[in-house]
Amino acid sequence: MPSGNVSRRLFLSSSLPLLLQARSAAAARLPNIVYMYADDLGYGDVSCYGAKRVTTPNIDRLAAEGVRFTNAHSPSATCTPSRYALMTGEYAWRHKGTGILPGDASLIVQPGRYTLPAMLQRGGYRTGAVGKWHLGLGSGNLDWNGDIRPGPLEVGFDYSFIFPATGDRVPCVYVENHRVVGLDPKDPIVVNYQRNIGGEPTGKDHPELLRMQPSEGHADSIVNGVSRIGFMSGGKSARWVDEDMADTLTAKAVSFIEQSKAGPFFLYFATHNIHVPRLPNQRFVGATPMGPRGDAIVELDWCVGRVTETLERLGLTNQTLFIFSSDNGPVVDDGYHDQSVEKLGDHKPAGPWRGGKYSAYDGGTRVPFIARWPGRVKPGVSSALMDQVDLLSSLAALTGQKPPADAAPDSFNELPALLGQSKRARDHVVEHAGALSLIVGDWKVIRPNAGAKRSAGNETGNDPQPQLFHLSEDPGEKNNLAAKYPDKVKTLLARLEEIEKAGRSRP
Ligand code: NG6
Ligand code: CA
């Protein structure tokens with residue numbers, strides 16, 4: 001054997017532990033990352049973004065100590081596509097089957113794919129997902145009584161404690177790693193989205209059993225006196241109590257932090273708040289004059305406070321990049337009569353933006369977005385154009401990594417803007433609702449779309465004609481300039497089509 005090889009082997013065998021040590025020392029210097037993802041929280045729903053009828057001191061404190069972004073977007077105006085884009089760095093609208101998923105859908109993120117948590121795992125992070133999942137589980141005909149996989153653990157999380165879809169969709173149980181929590185094998189869970197195979201009472205047939213009446217849909221299986229979307233039977237001992245959800249999930253988030261305190265860790269904490277059904281804990285009932293929707297915001301703020309207190313107690317505040325945002329814009333009545341309309345008063349859930357959840361107008365995707373890292377992020381306000389789809393590449397840069405060329409096709413590295421070091425970020429962004437929109441600088445075009453004009457009381461922005469707005473002169477998107485600037489419309493629509501056809505938008 002040539003001596004060169006021998007010495008190379010010797011070098012390798014003696015330097016490997018050193019390399020590993022060097023890597024873990026580098027990893028030890030990396031910040032922890034907490035990503036708190038509220039559900040359906042609008043730009044105007046928290047006091048640091050202008051709310052008056054509800055006060056959110058813990059979220060406001062994050063904003064005061066960090067950068068508060070005023071032009072940051074969720075990748076979509078609904079949940080599943082936003083989360084898909086966050087996890088993969090790819091706009092969800094590039095693929096069919098990435099819309100709002102039923103609770104029995106298969107996992108839509110391919111196991112082994114380069115994802116946000118998988119990237120951080122590679123970078124030496126312990127990764128945990130707590131809360132709402134809504135990206136599907138299993139690969140078809142899932143047996144909820146056995147091992148539930150693939151799921152979060154197969155796409156990059158070391159630990160997960162989730163609820164499968166939404167609070168208003170069955171099955172109404174928690175799944176910890178691969179198993180339903182608290183399941184009695186003698187009372188197996190059956191889930192079906194077509195037929196009531198278990199024969200348990202439904203909201204449609206037994207409205208007298210309900211403590212909250214649906215306003216639209218939500219008339220299938222009754223769990224805890226609330227009828228949901230989809231049918232389930234069995235699993236009685238495993239069913240969640242809506243009023244305890246925020247407590248249960250927050251406790252899991254806190255214990256994940258405690259167990260991972262040696263760091264670095266990544267916690268993805270996706271709350272149920274403030275999605276329907278809104279049943280905050282008794283402690284928060286009456287906290288606002290706005291009924292359950294307002295009270296659920298106060299409960300959400302409490303969840304944030306519990307997480308920040310935990311970091312403080314463990315001495316981790318200055319070593320943790322804390323990002324807070326929402327998966328889509330706000331909605332008032334989203335399918336239950338919960339006094340949200342009657343008690344809204346002059347509260348503006350979307351702040352100054354038009355539309356809300358389901359909407360191509362900015363209210364659909366322009367959401368609260370705050371990044372705090374004391375000592376590293378200079379406190380302030382930033383109007384940089386941001387999108388959650390960029391977190392993958394930005395956090396890769398933070399951890400000294402680079403996504404492979406074929407991964408994260410729409411995720412830009414906007415780390416300098418995220419850390420408040422630059423006021424500039426994207427020059428364009430694609431917004432997704434029923435219609436696709438393209439924002440370039442001050443201009444926004446909404447592509448013609450034939451869909452419904454309203455959804456859950458919100459304007460969808462669908463219109464068979466193109467709409468063109470100048471966002472700095474007309475932030476409320478009131479004045480359609482398409483007829484006045486047909487060339488602008490043409491150029492923007494052509495660029496949107498190019499982004500679509502190319503299958504990627506990052507360089
Ligand atoms: C809609 C539901 C709505 C909500 C939404 C998903 C009806 C009438 N409406 O179909 O209540 O569950 O889906 O919300 O059923 S999201 O935040 O997960 O995207
Ligand atoms: Ca949502």
Side-chain angles (χ1 to χ4, degrees), residues 35-43 45 73-87 92-93 97-105 108 131-137 162-172 193 202-204 212-221 223 226-231 242 245 268-279 292-293 296-297 300 324-338 340-341 349-350 355-360 363-369 388 431-434 451-452 454-458 460:
Y35 187 71
M36 255 188 97
Y37 213 14
D39 199 355
D40 295 359
L41 184 77
Y43 189 96
D45 276 329
H73 295 258
S74 58
S76 174
T78 53
C79 167
T80 300
S82 279
R83 285 162 210 252
Y84 177 93
L86 171 77
M87 292 291 173
W93 48 260
T98 57
I100 298 171
L101 293 178
D104 63 348
I108 58 169
K132 181 175 183 175
W133 183 242
H134 213 187
L135 290 167
L137 291 168
I162 57 164
F163 58 102
T166 61
D168 55 344
R169 281 174 177 75
V170 302
C172 300
Y193 270 72
T202 61
K204 181 166 172 277
M212 189 187 254
Q213 296 294 329
S215 58
E216 193 190 347
H218 301 101
D220 303 335
S221 287
V223 177
V226 179
S227 49
R228 321 271 166 162
I229 306 174
F231 303 98
D242 301 85
M245 263 184 122
Y268 171 74
F269 180 12
T271 66
H272 160 66
N273 299 55
I274 63 166
H275 199 278
V276 296
R278 300 175 185 125
L279 291 155
R293 188 176 185 279
I297 297 174
L300 168 71
F324 173 83
S325 197
S326 174
D327 69 335
N328 51 251
V331 55
V332 183
D333 179 335
D334 202 18
Y336 292 99
H337 290 294
D338 60 4
S340 51
V341 176
K357 184 178 183 179
Y358 312 112
S359 178
T365 59
R366 201 150 156 175
V367 288
F369 190 99
Q388 292 156 8
E431 286 180 6
H432 168 243
R454 296 191 89 85
S455 183
N458 283 343
T460 57

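Order of listing sets the numbers, starting from 1, for every ligand and every atom in it. For clarity, every value in this text was computed on a predicted model and none was experimentally measured.
Heavy-atom contacts of Asn328 reach the following atoms of ligand 1: 17 (O) (cutoff under 4.0 Å). Against a heavy-atom cut-off of under 4.0 Å, Asp168 is close to the following atoms of ligand 1: 3 (C), 4 (C), 11 (O), 12 (O). Listed by atom number, the atoms of ligand 1 under 4.0 Å from Asp39 heavy atoms are 17 (O). Remark: ligand 1 atoms within the under-4.0 Å shell around heavy atoms of His134 are 18 (O).
In this pair, Tyr35 and Tyr268 present their aromatic rings parallel. The plane angle is below 30°, not in the 30 to 60° band.
Proximity of Tyr336 to ligand 1, defined as any heavy-atom pair under 4.0 Å, is not found for any part of the residue. Contacts of Ile229 with ligand 1, taken as heavy-atom pairs under 4.0 Å, involve the side chain alone. If you look at Lys132 next to ligand 1, the close heavy atoms, those under 4.0 Å, all belong to the side chain. Contact annotation for Asp334 and ligand 1: heavy atoms of both the backbone and the side chain come within less than 4.0 Å of the ligand.
At under 3.5 Å, not a single nitrogen or oxygen of Thr78, backbone or side chain, sits near a nitrogen or oxygen of ligand 1. At least one N or O atom of His218 sits closer than 3.5 Å to an N or O atom of ligand 1. Looking at ligand 1, you won't find any N or O of Thr166 less than 3.5 Å from one of its N or O atoms. Considering backbone and side-chain atoms alike, Asp40 places an N or O below 3.5 Å from some N or O of ligand 1.
No side-chain heavy atom of Val367 sits less than 4.5 Å from a side-chain heavy atom of Leu41. Using a 4.5 Å cut-off on side-chain heavy atoms (C-beta onward), Ser74 and Asp327 make no contact. Using a 4.5 Å heavy-atom threshold, the side chains of Asp45 and Leu300 count as separate.
Residue His73 is tested with Gln388, Glu431, Arg366 for a side chain to side chain donor-acceptor pair (under 3.5 Å); the sole match is Glu431. The salt bridge (Lys or Arg N to Asp or Glu O under 4.0 Å) test with Lys132 singles out one residue from Asp39, Asp40, Asp168, and that residue is Asp39.
Scanning all protein heavy atoms for the shortest distance to atom 10 (O) of ligand 1 gives Arg169 NH2, 3.4 Å. From the protein, the heavy atom lying nearest to atom 14 (O) of ligand 1 is Lys357 NZ, 2.7 Å. Closest protein heavy atom to atom 8 (C) of ligand 1: Glu216 O, 3.6 Å. With hydrogens left out, the protein atom closest to atom 5 (C) of ligand 1 is Tyr358 OH, 3.4 Å, a heavy atom.
When atom types are taken as modelled, the side chain of His218 and the backbone of Gly335 share a donor-acceptor pair closer than 3.5 angstrom. When atom types are taken as modelled, the side chain of Arg228 and the backbone of Gly167 share a donor-acceptor pair closer than 3.5 angstrom. With hydrogens and angles ignored, the 3.5 Å screen pairs a side-chain donor or acceptor of Arg293 with a backbone N or O of Val331. A donor-acceptor contact shorter than 3.5 Å links the side chain of Ser340 to the backbone of Val332.
The closest non-hydrogen atom to atom 16 (S) of ligand 1, taken over Cys79, Ser76, Gly99, comes from Cys79.
Here Asp327 contributes OD2 and Asp40 contributes OD1, and at the Ca ion (ligand 2) these two atoms make an angle of 150°, given to 10°. The OD1 atom of Asp39 and the OD1 atom of Asn328 meet at the Ca ion (ligand 2) at an angle of about 150°, given to 10°.
To the nearest 0.5 Å, atoms NZ (Lys357) and OG (Ser326) are separated by 9.5 Å.
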